[in-house]
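Remember, it's 1-based here, ligands and their atoms both numbered in the order they're listed.
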Amino acid sequence: MNILVTGSAGFIGANLVLRLLDGHFAELQSIVHGFDGSQYAAQAATFASLNILGLDNLNDYYDPSLKQYRLRLIEAKAKEHPEHSYRFVKGDIADKALVDSLFEEFKPDIVVNLAAQAGVRYSIENPDAYINSNMLGFYNILEACRHSMHQESPYTGVQHLVYASSSSVYGGNTKVPFSTDDRVDNPVSLYAATKKSNELFAHCYSKLYDIPTTGLRFFTVYGPAGRPDMAYFGFTNKLLKGETIKIFNYGNCRRDFTYVDDIVEGIMRVMAKAPARSKGSDGLPVPPYAIYNIGGGQPENLLDFVNILQEELVAAGVLPQDFDFEAHKQLVPMQPGDVPTTYADASALERDFGFKPRITLREGLRQFARWYKEYYG
Ligand SMILES: NC(=O)c1ccc[n+]([C@@H]2O[C@H](COP(=O)([O-])OP(=O)(O)OC[C@H]3O[C@@H](n4cnc5c(N)ncnc54)[C@H](O)[C@@H]3O)[C@@H](O)[C@H]2O)c1
């Protein structure tokens, strides 16, 4: 079983590779198999030994030393698990020649595309990065999946492309919880527009070339060694420096937070069961295409979230007991690109994969605060 993970030095990608190396995928395969049917039964043995290729361009959108740290964790884990093979390539998914040659040589069975320019706010000032990585890069991945079908047998090409979409595709939708059946034609940032475009591109490739694809709309993923551009991490950095944190929309925002381990478990379950290929009455493929939300399903008010974060930062010893939080908080208006609420209806994931996120915000922020203390001292 050859698995290509793009964005493997990123927050979610690195956590995914770590869990794959742990052998958790073999367990999950049998759970998903037992839950639903037989799709991967014939290949069960191959899950016990994985060939993992990680690809990442290690860009400096945020501190690249965090990416190096995650790669070191992966290398250490790979040494503990000689039953799997792991290789990392530094490279860009926008580089078509590189992507094509990696597919040709590695022959992935499953591709998990997590490489992207993330972040809503950054997309307002730096649109080029989004077009390169999220549009051109994703197109290159789709094309390489298409051409993989024509490589020499016994390799039969990519059996499942799983890719990251985002809750941001719901834009300013007011009907909650957000369901994958809702219309998502009103993005409020270029980032959201690129993610919605990825879903459209994937549908087209599923239909035309019968490539099984699953898009996952992640909802505010957080955890240890996460992304410093996200609120929980940025707030922590600022509070530690004695700076004031800005709470947008005067705190009247709700976010559906999802702990990274829950996201990874969701991704792995989805990886193990591709949408089935079938033919329609016209003899052409019915697109083997799916979209799921992965979110905690319990949106938190931003002020409550900040309260929990500060309690856990104090408990972990990141901030002193007598830290004056009130003096370091500023309530400010909404900013462009942001949305007031995110709230996942993740019932389809539960129905099809028997899984729903279970880690509470307090538990998750506790893990983050402890990691922060250990990492930054
Ligand atoms: N973290 C979240 O809350 C969240 C929410 C919704 C969607 N997502 C999506 O999930 C995916 C992973 O997000 P993350 O939080 O781990 O972000 P991340 O920035 O930590 O990880 C993305 C990785 O991709 C790499 N990368 C970027 N462009 C690349 C390119 N052109 N070629 C090769 N590598 C490239 C980066 O160096 C980075 O290591 C992204 O697609 C993101 O848009 C994340």
### Query
Using a threshold of 4.0 angstrom between heavy atoms of the protein and any atom of ligand 1, which residues qualify?
G7, A9, G10, F11, I12, D56, N57, L58, N59, Y62, K67, G91, D92, I93, L114, A115, A116, A118, S133, A164, S165, S166, Y191, K195, F218, T220, V221, R227, M230
### Nearest non-hydrogen partners of P187 and A193, listed with the distance
CB-N, 3.8 Å
### Rounded distance (nearest 0.5 Å) linking atom OH of Y122 with atom OH of Y62
12.5 Å
### Message
Please enumerate all residues that pass side chain to side chain contact (heavy atoms under 4.5 Å, CB included) together with N249, with sequence neighbours excluded.
### Response
N252, C253, M334, P340
### From Y163 atom OH to L142 atom CG, the distance as rounded to the nearest 0.5 Å
8.5 Å
### Task
Using a 4.5 Å cut-off on heavy atoms from C-beta on, say whether the side chain of N134 contacts that of Y191.
yes
### Task
Output the distance between atom CZ (R269) and atom OG1 (T214), rounded to the nearest 0.5 Å.
15.0 Å
